[in-house]
Participant: 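To start, I am sharing the structure in question, which I have written as structure tokens.
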Amino acid sequence: MKAQITPQAGPNPIVFDQSVTTDNLVYLMAGGAERPSSLKVTVYGNPKYFWLSGLNDTNSTLKWTVQLADSATYHISALINSTAVENIQISVLNTSNVLDFSTKNMGWDKLEAGTIKLPAGVSTIMLKKKTNNASIELKSLELIKITDRPAYLDRVRAFKTDVSWFSRLPYGVMLQYGPWGYPQTGAKKSFADQTNSFDVHKFV
């Protein structure tokens, strides 16, 4: 019996905006990939996907159809959960562009997978396991042009500060805010507009 395939969700192809210099990370959500229907994902409304589970077969693949104006080399990070060392391959179909990397035996990790060249036009990125030591869970791939990455890392370092004073406080408040956090009424904003218009002082 032929395996059933869940088609790619959301934009198809996923268009990379290569003109932006900030907010220039591209997220390929595992829950939005074309995949065998046997793989399970928890969804709390598009675009808020949690992790994809059941990736325990070297024949199972995840595919994302993407579109780029210009060919470029991208650095890839993977948000992945593995209880064993697994060899994983990311490739661009119908090209020789391949990235091989290994997970760590440490549970959830933001793993720096490496770099891969993406061609101009429409192409398909595919992820598959090359070994099967344990079932893994995948939330997303995070891509950024290698030419943009140094400035991005500088921005990350600049935003970091000493938070040791947190430990001296009697209580704290934690919240999540993302593209799924929009009002029940009114027009939905882009993630960039949400971020730029969020009034931190008023919220506090």
Side-chain angles (χ1 to χ4, degrees), residues 5-36 39 41 47 49 51-53 55-82 84-106 108-156 191:
I5 299 297
T6 300
Q8 179 172 315
N12 190 351
I14 299 167
V15 178
F16 286 32
D17 185 349
Q18 296 177 294
S19 65
V20 294
T21 55
T22 59
D23 296 323
N24 50 355
L25 295 173
V26 178
Y27 297 93
L28 301 180
M29 304 304 295
E34 177 187 311
R35 63 188 189 276
L39 302 181
V41 63
Y49 297 105
W51 51 84
L52 185 73
S53 59
L55 197 56
N56 55 11
D57 182 352
T58 55
N59 292 319
S60 295
T61 61
L62 305 183
K63 296 178 181 178
W64 298 267
T65 300
V66 302
Q67 182 175 347
L68 285 72
D70 300 302
S71 174
T73 300
Y74 280 77
H75 179 274
I76 299 182
S77 302
L79 188 56
I80 197 165
N81 179 20
S82 179
V85 175
E86 294 282 10
N87 297 324
I88 296 177
Q89 184 177 87
I90 296 173
S91 60
V92 182
L93 296 187
N94 301 317
T95 75
S96 59
N97 303 340
V98 175
L99 167 61
D100 292 302
F101 65 99
S102 297
T103 67
K104 300 175 184 177
N105 179 11
M106 64 176 295
W108 279 107
D109 183 25
K110 184 177 179 180
L111 185 66
E112 305 302 332
T115 62
I116 194 168
K117 187 173 183 179
L118 302 181
V122 176
S123 60
T124 299
I125 298 171
M126 183 176 75
L127 179 145
K128 68 176 182 179
K129 293 174 65 180
K130 297 182 69 178
T131 56
N132 192 23
N133 299 315
S135 180
I136 65 173
E137 296 172 323
L138 178 71
K139 185 170 185 182
S140 62
L141 299 180
E142 182 180 289
L143 291 80
I144 188 169
K145 284 192 295 185
I146 59 170
T147 52
D148 291 344
R149 192 165 183 255
Y152 165 75
L153 294 176
D154 286 342
R155 292 197 302 274
V156 170
F191 186 46

Participant: Is any side-chain heavy atom of L28 closer than 4.5 Å to a side-chain heavy atom of I14?
Facilitator: yes
Participant: State whether the side chain of D148 and the backbone N or O of K145 hold a donor-acceptor pair below 3.5 Å, judged by distance alone.
Facilitator: no
Participant: Strictly distance-based, threshold 3.5 Å: is any side-chain N or O of S71 a donor or acceptor partner for the main-chain N or O of L118?
Facilitator: yes
Participant: Rounded to the nearest 0.5 Å, what separates atom OG1 in T131 from atom CD in Q89?
Facilitator: 11.5 Å
Participant: From L141 CG over to I116 CD1, what is the distance, rounded to the nearest 0.5 angstrom?
Facilitator: 10.0 Å
Participant: Taking all non-hydrogen atoms of both residues, which atom of P13 and which atom of Q67 are closest, and how far apart?
Facilitator: CG-OE1, 3.3 Å
Participant: Looking at every non-hydrogen atom in both residues, tell me the closest pair between A120 and A69 and how far apart they are.
Facilitator: CB-O, 3.6 Å
Participant: Out of curiosity, S60 OG to L52 CG, how far, rounded to the nearest 0.5 Å?
Facilitator: 9.5 Å
Participant: Check whether any side-chain heavy atom of L55 lies under 4.5 Å from a side-chain heavy atom of D57, and answer yes or no.
Facilitator: no
Participant: Less than 4.5 Å apart, side chain to side chain, heavy atoms only: is that true for L79 and L138?
Facilitator: no
Participant: Checking S53 against E137 for the side chain to side chain donor-acceptor pair (under 3.5 Å) test, could you report, in this order, the C-alpha distance in whole Å, the side-chain angles of both residues, the deciding distance, and whether it holds?
Facilitator: CA-CA 5 Å; S53 59; E137 296 172 323; 4.8 Å; no
Participant: For residues 5-20, pull every pair meeting side-chain hydrogen bond (donor to acceptor under 3.5 Å, both in side chains), keeping only residues two or more places apart or in separate chains.
Facilitator: D17-S19, Q18-Y74
Participant: Restricting to non-hydrogen atoms, name the atom on N24 and the atom on T21 that form the minimum distance, rounded to 0.1 Å.
Facilitator: ND2-O, 3.3 Å
Participant: Specify the closest pair of heavy atoms between P36 and T61, including all atoms of both residues, with the distance to one decimal.
Facilitator: CD-O, 3.3 Å
Participant: What is the distance from atom CG of N94 to atom OG of S123, rounded to the nearest 0.5 Å?
Facilitator: 9.5 Å
Participant: Mind listing the closest non-hydrogen atom pair of W64 and A30 along with its distance?
Facilitator: CZ2-CA, 4.0 Å
Participant: Is any side-chain heavy atom of K130 closer than 4.5 Å to a side-chain heavy atom of I88?
Facilitator: no
Participant: Within a strict 4.5 Å, meaning less than it, do heavy atoms of the T124 and V66 side chains meet?
Facilitator: no
Participant: Write down the atom of A84, the atom of N133, and the distance for their closest heavy-atom approach.
Facilitator: CB-CB, 3.9 Å
Participant: State whether a side-chain donor-acceptor pair under 3.5 Å links E142 with H75.
Facilitator: no
Participant: Between CZ of R35 and NZ of K63, what distance do you get to the nearest 0.5 Å?
Facilitator: 14.0 Å
Participant: Would you find a donor on one side and an acceptor on the other, under 3.5 Å apart, between the side chain of R155 and the backbone of L153?
Facilitator: no
Participant: Side chains of N132 and T58: is there a donor and an acceptor less than 3.5 Å apart?
Facilitator: no
Participant: Would you say that L62 contacts E34 through its side chain, given a criterion of any heavy-atom pair below 4.5 Å between the two side chains?
Facilitator: no
Participant: May I ask you to test the I76-I90 pair for a side-chain heavy-atom distance under 4.5 Å?
Facilitator: yes
Participant: Using only heavy-atom distances, determine whether the side chains of T103 and E86 contain a donor-acceptor pair under 3.5 Å.
Facilitator: no
Participant: Report yes or no: does K117 contribute a side-chain atom to a donor-acceptor pair with the main-chain N or O of S96 at less than 3.5 Å?
Facilitator: no
Participant: What's the verdict on side chain to side chain contact (heavy atoms under 4.5 Å, CB included) for L111 and K104, showing C-alpha distance, side-chain angles and the deciding distance?
Facilitator: CA-CA 8 Å; L111 185 66; K104 300 175 184 177; 4.0 Å; yes
Participant: Taking the side chain from N97 and the backbone from V92, do they hold a donor-acceptor pair closer than 3.5 Å?
Facilitator: no
Participant: For residues 108-152, which residue pairs qualify under ring-ring contact (aromatic ring centres under 6.0 Å, His included), counting only residues two or more places apart or in two chains?
Facilitator: W51-W108
Participant: Taking the side chain as C-beta and beyond, is there a heavy-atom pair between L143 and F16 under 4.5 Å?
Facilitator: yes
Participant: Rounded to the nearest 0.5 Å, how far does CD1 of I80 lie from CE of M106?
Facilitator: 12.0 Å
